[in-house]
Amino acid sequence: MQFFNQVFIRVSAVVALLFICQSAIAKLERRMAIEIDANTIHFAIADVNKKTDKIYRHLDYGSLEAGFYDDLSSSDNRFFSSSMLKKAQKLFQKLRTRQEHFKAVKVRAIATDIFREAHNAEELVQKIRRTTGIDIRILSPEEEDRMDFFSAFMVTDHSETPVVWDIGKESFQLIISDPKTGPFAHKGDFGSVSFMEYLKEVVQNKPTHFLGSLPPISTKELEAGITFARYLARRTPVIIRKELKKDKVKITGIGSVFQESFAEDITRQRMSLDRGKLEKYILDQASSSDTNETSLSSAILVFGFMEELDISQMFISDHNSTVGMLEFPILWH
């Protein structure tokens, strides 16, 4: 009788475990998120809990080089070229194949400012929809802000005083979450590319379109670049400055400028960025002709801000907006 009871208990436990596993699987939904930025198409695939919108298991992540920004910049009338339209369709065919391989049941694709600027962006969207079935949603500035807020605060680890700093190619954002007013963002018109163009055209009096023409940069030019970055930082609203001065403030950098670029060379583990080490990196790279010009100009931009706003250290997150899309409820429900 005792033996029978033990067997019964074991069988019951196995059945219960199988039931729990089946229930958990039933709640999962395989999603694919596609995000188009200036020159790159990012994608991520994961199993996500449908009720909580939290990622259960990551399956795939990567990017495809597209060149939307470069193509549009070379156009006099702000139209994507015919070759760009064809290239984009081929890239989305690859994404469609990836979706089928991983059996993703839902796909969401978004585009932001680069598609808002292109006069024939809708033509490109329609071509991709017809050939692949993937529908690209061009976000309005307001929709983009909402997603940025959501993505930004996913990386703060619920710290007491979170500040998120995101730098793109043409703009930057400093974002706080005020307990009374909610999320608040200060946006600036200069990003990694536009700041580099300023250094070339205004500070060095060089053509902006020549790659690799920024370094070497003289001490006088370097000082001028840092001064301009500090000028941009002085526009930071008082509400954000107050947050930055709090004892337990945690400043988190997101986006390619912090996750790639100069930060990889300085932080190694991509965890924290020290102002002193950043200054040393700039001085070392300024005199070298082998320096990556985008990394150097981005480092100067960040250093100027850190000096002006008295930021001695910040943290680098490996979280990105594409992964954040997978958990953004508005896109999926």
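Since this is a predicted model, take the numbers as computed values, not measurements.
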Using the rule given for side-chain contact (heavy atoms from CB on, under 4.5 Å), can you reason through Ile110 versus Met325, listing the C-alpha separation, both sets of side-chain angles and the distance that settles it, and then say yes or no? CA-CA 9 Å; Ile110 64 161; Met325 281 176 63; 3.7 Å; yes
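- Here the two rings, on Phe102 and Phe43, have centers that are 6.0 Å apart or farther.
- His186 approaches Pro237 most closely through the heavy-atom pair CG-CD, 3.4 Å.
- The closest side-chain heavy-atom distance from Leu124 to Phe80 is below 4.5 Å.
- The shortest non-hydrogen separation linking Ala185 to Ile175 is CB-CG1, 4.0 Å.
- Residues Asn49 and Asp53 form no side-chain contact, since every pair of their non-hydrogen atoms from C-beta on lies 4.5 Å or further apart.
- Salt bridge Glu29/Lys51: absent, no basic N to carboxylate O contact under 4.0 Å.
- Distance alone, capped at 3.5 Å, is enough to place a donor-acceptor pair between the Thr132 side chain and the Ile134 backbone.
- Taking the six-membered ring where tryptophan is involved, the planes of Phe228 and Phe195 are essentially parallel, since the angle between them stays under 30° and well short of 60°.
- Of the possible polar contacts, none joining the Asn120 side chain to the Glu123 backbone as a donor-acceptor pair under 3.5 Å is found.
- No salt bridge links Arg275 with Glu307; every basic N to acidic carboxylate O contact stays at or beyond 4.0 Å.
- Atom-to-atom distance recorded for Ser297:OG and Gln285:CD is 12.0 Å, nearest 0.5 angstrom.
- Stacking of Lys187 on the aromatic ring of Phe172 is not recorded, the 6.0 Å distance cut-off and the 45° axial limit not both being met.
- The same ILVMFWY cluster, assembled from side-chain heavy atoms under 4.5 Å apart, contains both Ile240 and Val249.
- In terms of heavy-atom proximity, Gln204 sits nearest to Ile217 at NE2-CG1, 3.7 Å.
- In terms of modelled atom types and a separation under 3.5 Å, the side chain of Ser218 and the main chain of Glu221 share a donor-acceptor contact.
- Taking all atoms of both residues into account, the shortest heavy-atom contact from Leu214 to Glu293 is N-OE1, 3.3 Å.
- Ile311 has its side chain within reach of Ile251: a pair of non-hydrogen atoms, C-beta onward, lies under 4.5 Å apart.
- The six-membered or imidazole ring of Tyr281 lies away from that of Phe303, with a centre-to-centre distance of 6.0 Å or more.
- Screening residues 65-91 for salt bridge (Lys or Arg N to Asp or Glu O under 4.0 Å), with sequence neighbours left out, gives Arg78-Glu117.
- The one candidate from Glu144, Glu35, Glu122, Glu143 that meets the salt bridge (Lys or Arg N to Asp or Glu O under 4.0 Å) condition with Arg137 is Glu143.
- Separation of atoms CG (Asp60) and CE (Met32) is listed at 7.5 Å; rounding is to 0.5 Å.
- The pair Glu223-Lys220 fails the salt-bridge criterion, with no side-chain N (NZ, NE, NH1 or NH2) lying under 4.0 Å from an Asp/Glu carboxylate O.
- Not a single donor-acceptor pair under 3.5 Å links the side chain of Asp135 to the backbone N or O of Arg129.
- Under the 3.5 Å distance criterion, the side-chain polar atoms of Arg230 are left unmatched by any main-chain donor or acceptor of Gly304.
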Could you walk me through whether Arg96 and Gln99 pass the side chain to side chain donor-acceptor pair (under 3.5 Å) test, one step at a time? CA-CA 5 Å; Arg96 175 68 176 180; Gln99 175 204 345; 3.1 Å; yes
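- Minimum interatomic distance between Asn39 and Tyr69 (heavy atoms only, all atoms of both residues): OD1-N, 3.1 Å.
- By the criterion of side-chain heavy atoms lying less than 4.5 angstrom apart, applied directly or through intervening Ile, Leu, Val, Met, Phe, Trp or Tyr residues, Val163 is grouped together with Val257 in one hydrophobic cluster.
- Distance alone, capped at 3.5 Å, places no donor-acceptor pair between the Arg31 side chain and the Ala46 backbone.
- In this structure, Val107 is not a member of the same hydrophobic cluster as Trp332, with clusters built from ILVMFWY side-chain heavy atoms closer than 4.5 Å.
- Interatomic distance, Ile136 CD1 to Lys127 NZ, rounded to the nearest 0.5 Å: 13.0 Å.
- Annotation: side chain of Asp166 is not in contact with side chain of Phe258 (no heavy-atom distance under 4.5 Å).
- Ile282 and Val203 end up in the same hydrophobic cluster when Ile, Leu, Val, Met, Phe, Trp and Tyr side chains are linked at under 4.5 Å.
- When the shell of 6.0 Å around CG of Asn77 is examined, it contains more than 12 heavy atoms from other residues, nucleotides or ligands.
- Going from atom CD of Glu308 over to atom OG1 of Thr236 covers 8.0 Å, rounded to the nearest 0.5 Å.
- Residue Lys206 places its NZ atom among more than 12 non-hydrogen atoms of other residues, nucleotides or ligands, all under 6.0 Å distant.
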Let me see the working for Ser192 and Leu301 under side-chain contact (heavy atoms from CB on, under 4.5 Å), right down to the final yes or no. CA-CA 8 Å; Ser192 59; Leu301 174 63; 5.7 Å; no
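- Note that CD of Glu100 is 6.0 Å distant from OG1 of Thr97, once rounded to the nearest 0.5 Å.
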Gln313/Leu273 under side-chain contact (heavy atoms from CB on, under 4.5 Å): CA gap, chis, key distance, verdict: CA-CA 6 Å; Gln313 186 183 46; Leu273 180 63; over 6 Å; no
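- A salt bridge does not link Arg235 with Asp189: none of the charged nitrogens is closer than 4.0 Å to a carboxylate oxygen.
- Phe92 has its side chain out of reach of Thr131: every pair of non-hydrogen atoms, C-beta onward, lies at least 4.5 Å apart.
- Without hydrogens or angle criteria, Lys250 side chain to Phe315 main chain gives no donor-acceptor distance under 3.5 Å.
- Closest non-hydrogen pair, Ala88 versus Phe68, comes out as CB-CE2, 4.1 Å.
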How far apart are the C-alpha atoms of Ile55 and Val323, what are their side-chain angles, what is the distance that settles it, and do they pass the side-chain contact (heavy atoms from CB on, under 4.5 Å) test? CA-CA 9 Å; Ile55 293 174; Val323 173; 3.8 Å; yes
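- Ile36 is not connected to Leu326 by any chain of hydrophobic side-chain contacts under 4.5 Å among Ile, Leu, Val, Met, Phe, Trp and Tyr, and they are in different clusters.
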Can you check side chain to side chain donor-acceptor pair (under 3.5 Å) on His42 and Asp37, steps first, answer last? CA-CA 8 Å; His42 303 275; Asp37 71 9; 3.0 Å; yes
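- Contact check for Met196 versus Thr294: side-chain heavy atoms found under the 4.5 Å cut-off.
- Rounded to the nearest 0.5 Å, atoms OG (Ser75) and CE (Met84) are 12.5 Å apart.
- Annotation for Tyr61: atom OH counts as buried by contact number, over 12 foreign heavy atoms lying within 6.0 Å.
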Check against side chain to side chain donor-acceptor pair (under 3.5 Å), Asp47 and His58: CA-CA 7 Å; Asp47 287 330; His58 290 278; over 6 Å; no
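- With a 4.5 Å cut-off on side-chain heavy atoms, Val48 and Leu28 do not count as touching.
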